[in-house]
Structures are given as structure tokens and as C-alpha cells.
Amino acid sequence: MTDYKIAPSILSANFARLGEEVDAVLEAGADWVHFDVMDNHYVPNLTIGPMVCQALRKHGVKAPIDVHLMVEPVDDMIRMFADAGATYITFHPEASRHVDRSLQLIRSLGCKAGLVLNPASGLDSVRYVMDRLDMLLLMSVNPGFGGQKFIPATLGKLREARQLIDDSGLDIRLEIDGGVTGQNIAEIAAAGADTFVAGSAIFNADDYAEAITAMRTALES
Ligand SMILES: O=C(CO)[C@H](O)[C@H](O)COP(=O)(O)O
Ligand SMILES: [Fe+2]
């Protein structure tokens with residue numbers, strides 16, 4: 001059976017009570033914390049940095065923190081997030097001049113490494129660095145904002161990515177980010193994803209446990 005992971009994106013959490021919000025989703029059954037970092041340069045929005053990641057660790061968060069860097073360049077932020085307690089660090093290949101080197105940097109700092117592909121980007125940029133990846137993240141919305149609609153063409157790309165990973169024989173997670181809901185998660189899993197980021201579908205729900213349980217039930221179906 002596939003080891004599915006659900007990673008609520010704190011982009012849709014109440015930032016005024018972030019520690020409690022993260023405790024609440026983990027208590028409600030989430031596996032990971034998805035941490036969106038935006039710099040108003042790579043994407044037209046600005047969020048949170050390594051100090052907030054470190055604060056969550058100090059607050060007592062033990063779950064994996066999945067840092068999604070939407071910043072350019074990436075190497076300084078990789079170092080700072082590794083120091084701040086990140087588990088996974090993923091970045092967009094076009095935001096690094098030397099993708100292979102940035103991936104090596106992440107692992108050298110003891111974190112798990114991943115690349116993120118935007119909706120219009122093909123799989124070519126990951127083909128020759130597969131052995132440097134612990135995760136491949138496909139964006140199913142354009143990066144920068146929560147609450148957008150899932151782009152259906154991502155399903156075909158997920159199938160191709162699943163094939164690429166299976167053919168490689170490597171242990172690489174396949175994560176999907178953007179517009180994931182309890183209604184579409186089963187179809188997304190059938191296309192090959194094993195790790196699901198969901199922001200608005202969880203944090204906008206009245207009951208986080210109910211939203212996460214509905215996702216797990218759909219995954220089991
Ligand atoms: O990386 C992101 C946006 O750039 C977020 O992780 C993503 O949009 C999650 O939010 P939602 O589930 O509401 O789409
Ligand atoms: Fe994200």
C-alpha cells in the first residue's frame with residue numbers, strides 16, 4: 001500500500017496564531033507541515049522566512065517541515081532553512097543557476113532535497129538529477145497564492161512523472177501542490193502522487209480533522 005502523506009500548507013493558516021494552527025492540524029491527523037516561502041521576486045507575494053521555521057521548532061513541532069522555496073536565488077535560503085530545522089527543502093530549477101549544486105547543498109546540510117516544476121514546465125529539467133532527488137513536487141497552480149483551482153493538465157504530467165520515478169528505481173516522493181481537495185485527491189493519487197499539499201481545503205474548513213479524514217478516506221477508496 002502506498003505511504004500517502006498529507007501536508008497542510010500554512011499559507012492558509014491564521015498567521016497571528018501560527019503555532020496553535022500547526023499544533024491543531026497535526027493533532028487533526030496531518031503528516032507534515034508545508035511551509036511556503038515567497039520573496040516578491042520569484043513570485044508576486046511575500047510570506048515567511050527561516051526565523052518562523054525555527055520558531056515552530058522551538059514551539060515543539062516535531063513533524064517533518066516541508067519547505068517550498070519560491071525565492072530566487074536559492075542557496076542562501078537553503079543554508080538558513082537547514083539551520084532552522086527544515087526536513088525537506090524544495091526549489092524551482094529556474095531559480096538556481098546551478099541546480100545540481102543546489103541539490104547537493106541541501107543534502108550536504110542533512111536535509112532531503114527536491115525540485116518543483118511549475119504547471120507549464122516539462123520534466124526535462126529533472127531527468128539528469130534524479131539521483132539527487134528525495135522528492136519531485138509538481139505545481140498544479142501557478143505559484144504565489146493559495147486558494148486557486150487545480151489545473152487539470154497536471155494529471156497527465158503526474159502520470160509521466162510517476163513513470164519516470166518508477167523507471168529510475170529510486171526512492172523519490174511525488175508531491176502535488178495547489179488546489180487539492182477532498183473531491184479531487186483520489187484522482188490525483190490515481191495519477192501517481194503520494195504526497196498531497198492542501199492549504200485552503202484544510203485551513204478554511206470548520207473542522208480540520210474532518211477535512212483530513214475525508215482526504216484519507218478518499219485515498220483509501
Ligand atoms: O505553493 C503554494 C502556492 O504557491 C501553496 O502550497 C498552495 O497554493 C497551497 O494552497 P491551496 O491548497 O489553497 O491551493
Ligand atoms: Fe507550496
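Every number for a ligand or one of its atoms is a count from 1 in the order of the listing. What you see is a predicted model, and the numbers here were worked out from it, not measured in a lab. No hydrogens, no waters, no symmetry mates; every other heavy atom, side chains included, goes into these values.
- Nearest protein neighbour of atom 9 (C) of ligand 1, counting heavy atoms only, is D177 OD1, 3.4 Å.
- Within the listing of ligand 1, atoms 1 (O), 4 (O) sit less than 4.0 angstrom from a heavy atom of M139.
- The S200 neighbourhood of ligand 1 comprises atoms 11 (P), 12 (O), 13 (O), with distances under 4.0 Å to a heavy atom of that residue.
- Atoms CZ and CG, on F35 and L69 in that order, are 10.0 Å from each other to the nearest 0.5 Å.
- Between T195 and W32 the shortest heavy-atom distance is CG2-CZ3, 3.6 Å.
- Near G147, with a cut-off below 4.0 Å to any heavy atom, the atoms of ligand 1 are 11 (P), 13 (O), 14 (O).
- Salt bridge absent: D66 and K112 never bring a charged side-chain N and a carboxylate O closer than 4.0 Å.
- For ligand 1 and H34, the ligand atoms under 4.0 Å from any heavy atom of the residue are 6 (O).
- The atoms of ligand 1 that sit less than 4.0 Å from any heavy atom of D36 are 1 (O), 2 (C), 5 (C), 6 (O).
- The minimum heavy-atom distance linking C53 with A84 is given by the pair SG-O, 3.6 Å.
- Listed by number with element, the atoms of ligand 1 under 4.0 Å from a non-hydrogen atom of H68 are 1 (O).
- With A198, G179, G146 as candidates, the residue nearest to atom 10 (O) of ligand 1 on a non-hydrogen basis is G146.
- Checked against a 3.5 angstrom limit, the closest N/O atoms of V141 and ligand 1 fall outside it.
- Counting protein heavy atoms only, atom 4 (O) of ligand 1 is closest to G144 N, 2.8 Å.
- The local environment of CG in D171 is sparse, with at most 12 non-hydrogen atoms from other residues, nucleotides or ligands closer than 6.0 Å.
- For H68, the N, O or S atom with the smallest separation from the Fe ion (ligand 2) is ND1.
- Residues E160 and K157 are not paired through a salt bridge, judged by the lack of any N-O separation under 4.0 Å between the basic side chain and the carboxylate.
- Polar contact with ligand 1: present for F145 (N/O pair, distance under 3.5 Å).
- Of the candidates I48, N45, D177, V43, D36 forms a side-chain contact (heavy atoms from CB on, under 4.5 Å) with just one, namely D177.
- Among the heteroatoms counted here (N, O or S) of D177, OD2 is the one nearest to the Fe ion (ligand 2).
- A distance of 8.0 Å separates CG in D39 from CG in L46, rounded to the nearest 0.5 Å.
- When you scan the N, O or S atoms of D36 for the one nearest the Fe ion (ligand 2), you land on OD1.
- Geometrically, ligand 1 and N142 share no nitrogen or oxygen pair separated by less than 3.5 Å.
- Taking the charged nitrogens against the carboxylate oxygens, R162 and D194 do have a contact shorter than 4.0 Å, which makes a salt bridge.
- The ligand atoms of ligand 1 that sit less than 4.0 angstrom from a heavy atom of G178 are 14 (O).
- For ligand 1, the atoms lying closer than 4.0 Å to a non-hydrogen atom of V197 are 6 (O).
- Side-chain rings of Y42 and H92 approach one another, their centers coming within less than 6.0 Å.
- Between L136 and I172 the shortest heavy-atom distance is N-CG2, 3.8 Å.
- By the 3.5 Å distance cut-off applied to N or O atoms, G199 is counted among the residues near ligand 1.
- For H34, the N/O/S atom at the shortest distance from the Fe ion (ligand 2) is named NE2.
- Environment of CZ in R216: crowded, with over 12 heavy atoms of neighbouring residues, nucleotides or ligands closer than 6.0 Å.
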